[in-house]
Amino acid sequence: MSLTAWAAPAPVELDGEALLKDVDLLEQAVRALHPGLYRYLSEEELNHSLSQLRSELARGASQTDTFLALARWSAQLQCGHTYPNFWNQDEAVQAQLFDQHLSLPFTFRLQQGQMVIDQLALADSGLQQGDRVQLINQMPLTVVWSALLPLMAADGANQAARWQQLELSGYGRYEPFDVYFPLLFGAEQYRLQLVDGRQVTVAGMSREDRQAQLAPQPEVWALSFPHPQTALLRLSSFTTWNFDFDWRAFLNRAFTEISQSDAEHLVLDIRGNGGGTTEVVEVLLRYLIQQPVQLTPWQQRLRFSSVPDTLLPHLSSWQDDWRQLGQQAEPGDDGYYILPPTLGPMLTPNPNRFAGRISLLVDGANRSATLLLAQQLKQWGRATLVGRTTGGNLRGINGGQILFLRLPNSGLELDLPLIGYFGPDTAENDGLAPDIRVAASMPGEADGDLAAALAATDEAGL
């Protein structure tokens with residue numbers, strides 16, 4: 001393994017007048033299309049945020065500073081699906097902003113704002129799993145988090161989702177800490193002061209070199225039996241378009257194996273799962289229910305019946321069906337258009353269904369489809385939720401159809417969700433709380449969530 005030499009990339013400077021035209025286009029797009037624009041912001045607050053963005057860019061800015069400004073601005077909308085998406089930027093932007101920096105040579109978890117080292121990618125670094133970092137390059141972590149948290153896209157006041165995003169697994173090509181920390185505080189090496197008083201200096205690494213030294217990434221979906229009467233089904237993603245296996249066949253095999261075992265308790269682990277297609281939720285729920293049930297999806301709203309022609313040259317998506325999306329909607333109140341539910345009104349049990357007790361392990365990553373799964377199981381009393389507050393928001397989220405808004409003068413992209421999923425206005429402005437709250441297990445510790453789920457089952461006499 002060789003460390004990648006690092007040099008600060010030469011900034012791409014952008015003209016202020018041109019950037020203001022991008023902000024005008026951005027404002028036009030979100031006002032015309034964004035379904036959750038006023039869910040957490042008033043008109044006055046939106047206007048103020050746009051005024052601040054214009055002031056920040058009016059005299060010109062580097063592409064890096066423009067990217068950071070867009071991230072800070074879009075995070076103010078309090079929508080987990082509205083942000084300058086790392087993966088949807090042009091290759092030239094990715095190369096300039098994300099691929100020339102060196103990262104920490106370890107991964108970490110967070111506990112009450114403390115950085116707890118997990119996997120190490122450098123031998124003889126002087127660090128070990130479980131070490132807690134207090135300062136990075138003489139900066140207290142409170143300073144680091146105060147700079148990074150305002151860049152995290154999350155729904156409403158859900159802070160658990162924001163903190164969850166800042167943890168570093170080392171397996172993703174782009175993770176928020178890997179991207180944003182170097183853009184704000186880039187360095188060739190990292191001087192660390194640990195909570196126990198030790199001081200250690202480590203060289204930065206490319207993400208590729210670091211990942212090559214980590215343990216193999218766990219399978220996306222996996223079934224195991226940690227206890228003779230307990231099945232553990234881990235589903236770490238519902239982004240089935242990225243799968244290299246038949247997920248429907250996997251579920252059929254898994255529940256066949258569970259039914260042929262002595263398992264009376266199913267632990268369904270969706271920690272770290274940010275969602276994906278709701279089709280997985282529909283299919284999975286049929287293995288978990290005992291009788292036909294009525295799904296209660298949130299009301300789906302649009303801000304438009306047709307996309308303004310002036311925006312069309314700057315919008316794209318994976319498919320073109322978004323162009324006809326508004327044709328399915330009926331005029332509603334307060335300038336919205338109402339879509340019919342996309343999920344079927346009734347679900348019937350799969351013949352291979354599981355009839356025993358279910359524990360659902362949740363955390364701040366769960367939003368979108370995984371939040372829907374957790375809500376339905378809790379509403380029906382079908383599962384005990386164990387872990388931490390989910391991501392998303394009980395008042396609703398935005399998503400469904402995502403457009404890529406490309407700002408022509410900065411060369412940057414912003415994800416723009418089109419469908420608003422609206423819950424009750426009286427709902428708590430937060431994610432879904434677990435039935436059994438457990439502090440997140442730190443590196444080197446036993447899985448506290450699983451232990452709590454098993455203990456609850458023992459207490460129930462199963």
Under the side chain to side chain donor-acceptor pair (under 3.5 Å) rule, what pairs show up with a residue in residues 141-161, not counting sequence neighbours? Gln159-Arg162

With no hydrogens and no angle check, is any side-chain donor or acceptor of Asn398 less than 3.5 Å from a backbone partner on Gly420? no

With sequence neighbours excluded, residues passing ring-ring contact (aromatic ring centres under 6.0 Å, His included) with Phe108: Phe177

For Leu37 and His34, which heavy atoms make the closest approach, and how far apart are they? N-ND1, 3.4 Å

Would you check, one step at a time, whether the test side-chain contact (heavy atoms from CB on, under 4.5 Å) holds for Leu407 with Leu405? CA-CA 6 Å; Leu407 303 174; Leu405 173 65; 4.1 Å; yes

Nearest-0.5 Å distance, CD of residue Gln89 to CD of residue Gln96: 12.5 Å

Main chain of Val220, side chain of Ser236: is a donor-acceptor contact present, judged purely on distance under 3.5 Å? yes

Would you say the side chains of Asn393 and Asn429 form a donor-acceptor pair under 3.5 Å? yes

Rounded to the nearest 0.5 angstrom, the CD-CD distance for Gln165 and Glu175 is 11.0 Å

Heavy-atom count check: over 12 atoms from other residues, nucleotides or ligands less than 6.0 Å from Asp262 CG? no

Please list, chain by chain and in numerical order, all residues satisfying ring-ring contact (aromatic ring centres under 6.0 Å, His included) with Phe255, sequence neighbours excluded. Tyr287

Leu432 to Thr390 - nearest heavy-atom pair and separation: N-OG1, 2.8 Å

Let me know which of Glu264, Arg357, His265 forms a side-chain hydrogen bond (donor to acceptor under 3.5 Å, both in side chains) with Gln229. Glu264

Quick one: pull up CD in Glu428 and CZ in Arg395 and give me the separation to the nearest 0.5 Å. 8.5 Å

Hey, does Asp65 have a side-chain heavy atom less than 4.5 Å from the side chain of Leu68? yes

Which heavy atom in Ile436 sits nearest to a heavy atom in Ala456, and how many Å separate them? CD1-CB, 3.8 Å

Is Leu285 close to Leu377 at the side-chain level, that is, under 4.5 Å between some pair of heavy atoms? yes

How close do Pro105 and Ala203 get, counting heavy atoms only, and between which atoms? CG-O, 3.5 Å

Among residues at least two apart in sequence or on other chains, which ones pass ring-ring contact (aromatic ring centres under 6.0 Å, His included) with Phe404? Trp318

Under 30°, 30 to 60°, or over 60°: which ring-plane class applies to Phe181 and Tyr190, parallel, tilted or perpendicular? tilted

Smallest heavy-atom separation, Val179 atom then Leu183 atom, equals O-CG, 3.2 Å

Does a side-chain heavy-atom distance below 4.5 Å link Leu33 with Leu315? yes

Nearest-0.5 Å distance that lies between atom CG in Leu168 and atom CE in Met115: 8.0 Å

State, yes or no, whether a side-chain contact exists between Pro182 and Leu102 at a heavy-atom distance under 4.5 Å. no

Shortest non-hydrogen separation from Ala369 to Val281 and the atoms involved: O-CG2, 3.4 Å

By ring-ring contact (aromatic ring centres under 6.0 Å, His included), Tyr40 pairs with (sequence neighbours left out) none

N/O donor to acceptor pairs below 3.5 angstrom from side-chain atoms of residues 244-253, sequence neighbours left out:
residue, atom, partner, partner atom, Å
Asp246, OD1, Arg248, N, 3.1
Asp246, OD1, Ala249, N, 3.0
Arg248, NH2, Glu279, OE2, 2.2

Does Asp99 pair with Arg173 as a salt bridge, N-O distance under 4.0 Å? yes

Could you check whether any side-chain N or O of Asp363 sits under 3.5 Å from a backbone N or O of Gly272, counting only pairs where one atom can act as donor and the other as acceptor? yes

Asp449 side, atom CG; Arg271 side, atom CZ - distance, nearest 0.5 Å: 4.5 Å

Is the backbone of Leu104 close enough, under 3.5 Å, to the side chain of Arg210 for a donor and an acceptor to pair up by distance? yes

Is a side-chain donor or acceptor of Asn366 paired with a backbone partner of Ile270 at a separation under 3.5 angstrom? yes

Walk me through it: do Phe354 and Leu268 pass the test side-chain contact (heavy atoms from CB on, under 4.5 Å)? CA-CA 12 Å; Phe354 176 74; Leu268 188 59; over 6 Å; no

For Asp178 and Ser103, which I'm curious about, is there any donor-acceptor pair between the side chains at under 3.5 Å? yes

Can you tell if the side chain of Leu347 reaches within under 4.5 Å of the side chain of Ile289, non-hydrogen atoms only? yes

Taking the side chain as C-beta and beyond, is there a heavy-atom pair between Glu413 and Asp90 under 4.5 Å? no

State, with a plain yes or no, whether a side-chain heavy atom of Tyr171 is found less than 4.5 Å away from one of Thr107. no

Applying side-chain contact (heavy atoms from CB on, under 4.5 Å), run through Glu13 and Ser62 and close with a yes or a no. CA-CA 4 Å; Glu13 297 296 334; Ser62 68; 3.8 Å; yes

Check whether Gln114 reaches the backbone of Gln111 with its side chain - one donor and one acceptor, N or O, closer than 3.5 Å. no

Do any N or O atoms from the side chain of Arg367 and from the backbone of Gly80 form a donor-acceptor pair under 3.5 angstrom? yes

So, the side chain of Gln134 versus the backbone of Leu141: is there a donor-acceptor pair under 3.5 Å, distance only? no

Quick one, Trp322 with Ile402, criterion side-chain contact (heavy atoms from CB on, under 4.5 Å). Give me CA distance, side-chain angles, the key distance, then yes/no. CA-CA 8 Å; Trp322 56 271; Ile402 306 291; over 6 Å; no

Do Tyr180 and Phe86 have their ring centres less than 6.0 Å from each other? yes

Under a plain distance cut-off of 3.5 Å, with no hydrogens placed, do Asn88 and Asp415 share a side-chain donor-acceptor pair? yes

Can you tell me if Ser441 and Arg109 form a side-chain donor-acceptor pair at under 3.5 Å? no

For the side chain of Gln119 and the backbone of Ala215, is there at least one donor-acceptor N/O pair under 3.5 Å apart? yes

How many angstroms lie between CZ in Arg406 and CG in Asp22, if you round to the nearest 0.5 Å? 13.0 Å

How about Asp430 and Leu394: do any of their side-chain heavy atoms sit closer than 4.5 Å? no

